[in-house]
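Here's the structure, in structure tokens; my notes come after.
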2 protein chains.
Amino acid sequence: MAVTIYDIAREANVGIGTVSRVLNNSPKVTTETRDKVVTVAKRLNYQPHAFAQALARKRSNTLSAIIPFFTNYFFIQVLQGVQETLAAVGYDLIIHGANTQEQLEEYLVRSMRKGRVDGTLLFSLELPDVFVENFIDKKNPLVLVDTFHPLFDSIRVDNVIGAKKATEHLISLGHTSIGMLNANLKSVRAKERLSSFKETMQLHGLDIHEEFIFNSTFTKNDGFSREAGYDAMIGLIRSGAKLPTAFFVSSDVQAIGMLAALRENQIRVPEDIAIVSFDDIEIAKFFDLTTMRQPMFEMGEIAVKKMLERIENPSAPISSTNFTPTLVVRSSCGANKNYIFSDSN
Amino acid sequence: MAVTIYDIAREANVGIGTVSRVLNNSPKVTTETRDKVVTVAKRLNYQPHAFAQALARKRSNTLSAIIPFFTNYFFIQVLQGVQETLAAVGYDLIIHGANTQEQLEEYLVRSMRKGRVDGTLLFSLELPDVFVENFIDKKNPLVLVDTFHPLFDSIRVDNVIGAKKATEHLISLGHTSIGMLNANLKSVRAKERLSSFKETMQLHGLDIHEEFIFNSTFTKNDGFSREAGYDAMIGLIRSGAKLPTAFFVSSDVQAIGMLAALRENQIRVPEDIAIVSFDDIEIAKFFDLTTMRQPMFEMGEIAVKKMLERIENPSAPISSTNFTPTLVVRSSCGANKNYIFSDSN
DNA sequence: TAAGTTTCTGAAAGCCCTTCCATAGAACCG
DNA sequence: CGGTTCTATGGAAGGGCTTTCAGAAACTTA
């Protein structure tokens with residue numbers, strides 16, 4: 001029914017081995033035979049059967065990506081880096097959106113099915129202990145992005161330096177009363193950003209007002225959400241407390257929610273409250289947020305490259321790379337009085 | 001090396017056929033034998049080899065999705081519907097981000113490789129003629145989302161009704177001088193929205209001011225971009241012309257760009273200019289945009305269901321379904337004076 | 001109890017490819 | 001020109017599974 005190499009072999013009067021060699025550009029075929037085979041293959045509109053190839057080659061040229069919170073802008077951009085890099089080398093990408101622990105585990109199991117994928121990329125989710133051994137035993141390449149485990153390759157953003165830079169930027173603008181609007185401490189990112197914020201404040205001899213530090217109790221997206229930011233800010237305003245003059249916010253989406261709360265209460269940004277957030281997701285510029293940029297596209301790119309190296313050389317030493325986020329100054333911090341809305345940012 | 005059904009068969013003292021039957025829940029196996037096999041399979045931590053299964057079953061349980069402009073919020077949400085529906089039935093999804101015509105064609109070719117995928121989902125891109133025949137010949141299921149071809153199943157949003165509803169909403173608020181900020185007419189969506197806008201204006205006996213109709217010349221994303229909206233609005237303001245009191249904008253992202261341009265020029269929304277846009281992407285609510293909601297998640301869901309039906313029954317009649325967008329009233333249109341920022345929208 | 005059914009099982013065939021091995025023939029060498 | 005080396009080639013084996021087929025075993029029935 002579908003045309004196979006046997007059909008080509010018959011029509012071209014050669015053996016299937018020769019057809020296969022031609023199709024795989026093996027050098028040991030005469031030009032004459034090659035032409036004959038190529039011609040027939042074209043005429044029959046031959047398409048190789050991907051699974052048969054994968055089975056014979058023991059290679060699927062496919063990766064899977066397990067990603068939490070599918071609509072999250074951070075992941076979308078990392079994913080883009082992954083996709084483009086993969087496309088360039090002819091790999092396919094299977095996407096798994098994991099919103100719960102069960103889903104995560106199911107997808108991990110699926111990714112370990114022999115042969116299905118050559119490797120899996122895990123984003124921002126902690127690798128359950130049970131799987132550690134499993135992945136290692138089965139020699140199933142695993143690369144972690146925005147999460148960490150000593151036994152696997154990983155790519156992360158340096159939250160400590162990022163939070164430090166953000167805080168110091170506010171300090172450099174003269175702020176002394178600085179709060180932090182944080183995500184849920186369940187998340188490692190939130191934890192690291194908070195402790196670095198505190199250290200930086202101390203380093204500069206500034207008081208840490210515990211009442212101005214909000215760790216979200218939201219569990220959805222670990223509190224990295226607009227709602228979390230909105231709620232935290234509304235709560236603070238309602239409390240009637242005197243507000244700090246600046247906030248370090250643990251993500252752009254939270255800052256966006258916070259912005260809405262402030263607007264509703266006629267509190268101006270940056271005049272009354274200056275804000276520096278984290279991520280630089282695409283829409284951060286829509287809101288003129290000063291924020292710590294994570295090189296998302298590049299992270300995806302590097303993740304794929306690491307994976308391909310790992311597949312080539314399974315016993316290479318494990319590597320962990322940290323990206324340093326960079327400060328992107330827009331108008332929410334008050335540094336840039338003449339900020340003009342523009343696309344170059 | 002990896003454990004196969006042969007290993008299980010040996011250990012359990014049964015034939016491979018029996019192992020396969022147990023693993024596939026075939027009814028004709030005694031409970032006793034079944035238990036024996038299951039026990040051994042568990043003990044050996046057996047994982048079926050996906051490709052070998054696919055090869056034997058002539059089914060891959062995998063779909064591919066070809067999607068333009070990877071970061072576009074519309075697609076992200078449709079994709080989520082696709083992903084979740086697919087996950088529920090144990091299918092995998094391969095993602096192809098096509099930004100150019102060449103990429104589109106390459107991915108279409110790849111999707112047609114025998115066996116690779118059971119079907120492909122094409123989003124918002126016109127199917128090149130060459131492929132029409134090809135897909136039909138090879139009986140390779142293809143479902144179109146947000147695009148159309150008479151020979152394939154498709155799912156679309158009714159742009160005509162959507163634009164009509166949007167325009168009539170502005171009219172109902174008393175506006176008589178209404179402009180349209182449109183995307184590039186190259187795109188079918190832009191074309192349909194424009195002509196429906198015009199018809200609706202005429203229907204209500206209102207003048208169409210051609211000078212207030214802007215068709216973007218941007219090619220990136222066919223002008224469905226923030227930049228396109230920003231540029232168009234800035235251009236109009238600079239021209240010094242008297243502005244209409246309301247605009248129908250062909251997408252949320254354009255409206256967001258337009259909003260920035262207006263803000264820079266101290267033009268208030270909705271007081272000076274009312275806006276109704278199209279899409280209701282997730283961030284539309286961040287900007288309080290009144291907009292036409294497309295049921296994106298559902299579109300993804302239905303697309304998958306159609307695909308699965310098509311796979312089951314390749315000769316079923318071709319179906320084309322149209323979703324009617326619904327008006328979501330927020331504050332940009334001026335209808336809702338007491339609009340409170342809230343998550344229920 | 002013999003014949004006829006039904007149920008379960010093992011093994012072979014088949015899915016389509018890559019790769020290894022053996023061989024035929026060409027090319028080379030002294 | 002016989003013997004050796006090399007190259008191109010055909011075909012079998014193998015990858016791991018599903019499914020068909022035939023036979024064995026268990027069960028009915030008269």
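All values below were derived from every heavy atom in this structure, side-chain atoms included, with hydrogens, water molecules and symmetry-related copies excluded.
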D:dT20 base / B:Arg21 side chain donor-acceptor hit below 3.5 Å: yes

Return the value, rounded to whole Å, for the distance between atom CD1 of B:Ile16 and atom P of D:dT18. 10 Å

Assign B:Leu23 to base, sugar-phosphate, or nothing according to its heavy-atom contacts below 4.0 angstrom with the strands shown. nothing

Taken to the nearest whole Å, CD/A:Glu32 to C1'/D:dT7 is 14 Å

Looking at B:Ser20, I'd like to know whether one of its side-chain N or O atoms comes within less than 4.0 Å of OP1 or OP2 on D:dC17. no

Nearest to the side chain of A:Ile5, heavy atoms from C-beta on, is which of D:dG15, C:dC17, D:dC17? C:dC17

Quick one: does B:Leu44's side chain get under 4.5 Å of B:Asp7's, heavy atoms only? yes

Of A:Ala56 and A:Gly15, the one whose closest DNA chain D nucleotide lies more 5': A:Gly15

May I have the distance from A:Arg57 (atom CZ) to C:dC20 (atom P), rounded to whole angstrom? 14 Å

In this structure, how many angstroms lie between the C1' atom of D:dG15 and the NE2 atom of B:His49, rounded? 8 Å

Gap between atoms CZ and C1', on B:Arg59 and D:dC17 respectively (whole Å): 16 Å

On DNA chain C, does the nearest nucleotide to A:Pro48 precede the nearest nucleotide to B:Val19 from the 5' side, or the other way round? Give the residue. B:Val19

Spacing between B:Asn25 atom CG and C:dC8 atom P, to the nearest angstrom: 15 Å

Taken to the nearest whole Å, NZ/A:Lys28 to P/D:dG10 is 15 Å

Using a cut-off of less than 4.0 Å, is there contact between a side-chain N or O of B:Gln53 and OP1 or OP2 of D:dG16? no

Does NZ or CZ of A:Arg156 fall inside the cone over A:Phe148's six-membered ring, less than 6.0 Å from its centre and within 45° of the axis? yes

Among D:dT18, C:dC17, D:dG11, find the nucleotide with the atom closest to the side chain of A:Thr4. C:dC17

A:Phe51 and B:Phe51 aromatic ring geometry - parallel, tilted or perpendicular at 30°/60° bounds: parallel

Between A:Ser320 and A:Ser154, does any side-chain donor sit less than 3.5 Å from a side-chain acceptor? yes

Applying a 4.0 Å non-hydrogen cut-off, can you work out what B:Thr30 is touching in the nucleic acid: base, sugar-phosphate, or nothing? sugar-phosphate

For the side chain of A:Tyr6 and the base of C:dC17, is some donor closer than 3.5 Å to an acceptor across the two? yes

Nucleotide of D:dG16, D:dA8, D:dT18 approaching A:Thr33 most closely (side-chain heavy atoms): D:dA8

Rounded to the nearest Å, what distance is computed from the CG atom of residue A:Leu55 to the C1' atom of nucleotide C:dG14? 13 Å

N or O in side chain of A:Thr18 less than 4.0 angstrom from D:dG10 OP1/OP2: yes

Positive for salt bridge (charged side-chain N to carboxylate O under 4.0 Å, His left out) with A:Arg189, one of A:Asp158, A:Asp146, A:Asp279: A:Asp146

